[in-house]
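FYI, the numbering just counts along the sequence from 1. What you see is a predicted model; the values in this text were computed from it and never measured.
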Amino acid sequence: MASRYIHPGLLADIQRGATTLCLLIWIEPETPGFNGYGATDTNRDVRYDPGSGEKLFQAAIGMEPTEIHAAADLSVDNAEAHQLMPVYDFPVSEEAIAAGIYDYARFSIYLVNYEDLTPGRHCVLHEGTIGKVSVRDDGLSIVNELRGLSAQLKQEICTKYTKTCRAIDGTMPPGSPLPGPQVKRDWCGVDFSVYLKTATVAEVGLENTLTFRVEAGDVDGDWDTNSFAPGRVKFTSGRNAGRTLEILSNTDDGWITLRHEAGFPIEEGDELEYRVGCSFIARDAVKGCMAHAGADWIYHFKGYPDIPTENEAQLMTPGATLGPGSGGRTDVPYGDLE
């Protein structure tokens, strides 16, 4: 059976059946520039210091968790916490939730006695990371998917045998001084920062989270159709500052289309950095590893391009293993089958 530490004073309150117990939840987003916030399931705000400084847990948005379950067998502890959507977009807004600001945030749920809020006088009921934060169809409530710490043990951490490269272009090795998600286990060792260019958004397309055009002065001789696809864009100012997104395509006159939507609408005047990326194919001399690492590509490529594949020609042809009467492919002329 799983066990947890309970402050002796709080334990005494529980044992004598105190009715002034309440739950507090603190959510700390990973997205830079956004502060954490707290909520409580009681009808008044609670100021409490769980050991990291006094925090405000607001009753306006509230918190109603589902059954909190913990086990000692390393199974994933999943739960949900429902909250009300604030009327005045404070401390969270529907737009920020839709942008994924609070996805993968860290959270902690505390049990306290709101009549005795001595710092440290609590029990940690649940902690871990939030999966997906969503707004219900009624637009009035928020659903947080709470994942326990054991959920991280379910993630694959071993490398796999792949024909394409497993590394993410531009990443740094573990322990590098650069913070953030660019620190990866697989590192190709190629310095992609030499390709970085700066630009400013001059115009936004109809899909204002996907397409935009940079200023004419930022378009140089390297701008050919799809010359930066695949590539990456990192916004350095504006509402999307700090986000790195993949380039799906570009035109020779400065238009860029992103592969995935930016969290917030892109606006004129937003500043960004962009660069060419890698196709993750070993012997691609145009945009692959050979193009960036030259003859030394074998020392940088994090994959196994020469893995033998059984019946490779058939596997590359959809339906090749099916007979001619089953919608498959055949080299025999149709007239000879009769």
Side-chain angles (χ1 to χ4, degrees), residues 29-35 85-86 88-105 132-135 139 168-172 178-182 190-281 284 286-288 291-292:
E30 294 286 345
T31 307
F34 288 85
N35 298 322
M85 176 64 68
Y88 300 104
D89 290 343
F90 180 83
V92 294
S93 67
E94 184 172 355
E95 186 181 33
I97 292 173
I101 298 301
Y102 298 98
D103 294 348
Y104 314 114
K132 180 67 176 177
V133 182
S134 57
V135 179
I168 297 179
D169 53 304
T171 58
M172 298 295 287
L178 297 177
Q182 71 271 15
V190 177
D191 183 10
F192 278 80
S193 64
V194 299
Y195 301 121
L196 279 176
K197 299 173 179 288
T198 59
T200 303
V201 176
E203 183 181 354
V204 180
L206 293 178
E207 296 179 315
N208 60 6
T209 58
L210 284 174
T211 60
F212 61 91
R213 181 177 62 82
V214 302
E215 292 183 350
D218 297 323
V219 179
D220 55 24
D222 294 334
W223 278 80
D224 294 324
T225 300
N226 290 333
S227 58
F228 296 101
R232 295 186 184 273
V233 164
K234 179 179 180 180
F235 289 93
T236 56
S237 71
R239 305 180 70 189
N240 290 299
R243 289 176 178 253
T244 300
L245 300 164
E246 296 181 29
I247 297 175
L248 175 64
S249 63
N250 72 273
T251 63
D252 58 2
D253 58 351
W255 281 95
I256 292 178
T257 300
L258 302 176
R259 183 175 298 275
H260 303 289
E261 292 184 353
F264 296 100
I266 303 168
E267 299 175 346
E268 294 181 13
D270 287 354
E271 297 177 341
L272 56 95
E273 295 178 338
Y274 66 96
R275 62 169 174 80
V276 67
C278 182
S279 66
F280 307 111
I281 299 175
D284 181 357
V286 179
K287 294 185 178 180
H292 301 299

* Taking every non-hydrogen atom, the tightest pair across D218 and A199 -> OD2-CA, 3.3 Å

* Would you check, one step at a time, whether the test side-chain contact (heavy atoms from CB on, under 4.5 Å) holds for E273 with T236? => CA-CA 7 Å; E273 295 178 338; T236 56; 3.9 Å; yes

* **Separation between CD of E261 and CG of L245, rounded to the nearest 0.5 Å** => 10.5 Å

* Asked: So W255 and S249, side-chain contact (heavy atoms from CB on, under 4.5 Å) or not? Walk me through it.
  -> CA-CA 8 Å; W255 281 95; S249 63; over 6 Å; no

* Evaluate ring-ring contact (aromatic ring centres under 6.0 Å, His included) for Y274 paired with W223, printing each intermediate quantity in order. => CA-CA 12 Å; Y274 66 96; W223 278 80; 5.5 Å; yes

* Can you see which heavy atom on A99 is nearest to which on G263, and at what distance? => CB-O, 3.3 Å

* Using side chain to side chain donor-acceptor pair (under 3.5 Å) as the criterion, list what pairs up with D191, not counting sequence neighbours. => S193

* Minimum side-chain heavy-atom gap T257-F212 below 4.5 Å -> no

* Compare all side-chain heavy atoms of E246 with those of P230 and state whether any distance is below 4.5 angstrom. => no

* Asked: Does the pair S279 and D284 meet the rule for a side-chain hydrogen bond (donor to acceptor under 3.5 Å, both in side chains), with working shown?
  -> CA-CA 8 Å; S279 66; D284 181 357; 2.8 Å; yes

* Asked: Hey, does D222 have a side-chain heavy atom less than 4.5 Å from the side chain of K197?
  -> yes

* Kindly indicate whether the side chain of N240, heavy atoms from C-beta on, has any atom under 4.5 Å from the side chain of I266. => yes

* Crowding at NZ, K234 (>12 non-hydrogen neighbours, <6.0 Å) -> no

* N-O pairing of R239 and E95 below 4.0 Å -> yes

* Asked: Would you say the side chain of T200 lies within less than 4.5 Å of the side chain of D270, judging by non-hydrogen atoms?
  -> no

* Specify the closest pair of heavy atoms between P29 and I101, including all atoms of both residues, with the distance to one decimal. => CB-O, 3.7 Å

* Asked: Does T251 have any side chain to side chain donor-acceptor pair (under 3.5 Å) partners at least two apart in sequence or in another chain, and if so, which?
  -> D253

* Structure fact -> In this structure, OH of Y104 is separated from NZ of K132 (nearest 0.5 Å) by 7.0 Å

* **Side-chain touch V276/H292, heavy atoms, less than 4.5 angstrom** => yes

* To do: Show your working on side-chain contact (heavy atoms from CB on, under 4.5 Å) between F228 and R275 and close with a plain yes or no.
  => CA-CA 7 Å; F228 296 101; R275 62 169 174 80; 6.0 Å; no

* Identify the two heavy atoms, one from D103 and one from V133, that lie closest to each other, and give their separation to 0.1 Å. => OD1-N, 3.0 Å

* Structure fact -> Value for CG (L206) from OG1 (T211), rounded to nearest 0.5 Å, stands at 7.0 Å

* Could you check whether the rings of F264 and F34 sit parallel, tilted or perpendicular, using 30° and 60° as the cut-offs? => parallel

* If you round to the nearest 0.5 Å, how far is CD of E267 from CZ of F235? -> 10.5 Å

* Could you grab the distance from atom CD of E271 to atom CD of E215, nearest 0.5 Å is fine? => 9.0 Å

* Any side-chain heavy-atom pair from V201 and L272 closer than 4.5 angstrom? -> yes

* To do: Please report the C-alpha distance between S227 and N250 in whole Å, then the side-chain angles of each, then the deciding distance to 0.1 Å, and finally whether the side-chain contact (heavy atoms from CB on, under 4.5 Å) criterion is met.
  => CA-CA 7 Å; S227 58; N250 72 273; 3.7 Å; yes

* **Minimum heavy-atom distance I97-Y102, with the two atoms named** => CG1-CD1, 4.3 Å

* Is the number of heavy atoms from other residues, nucleotides or ligands within 6.0 Å of CD (E203) greater than 12? -> yes

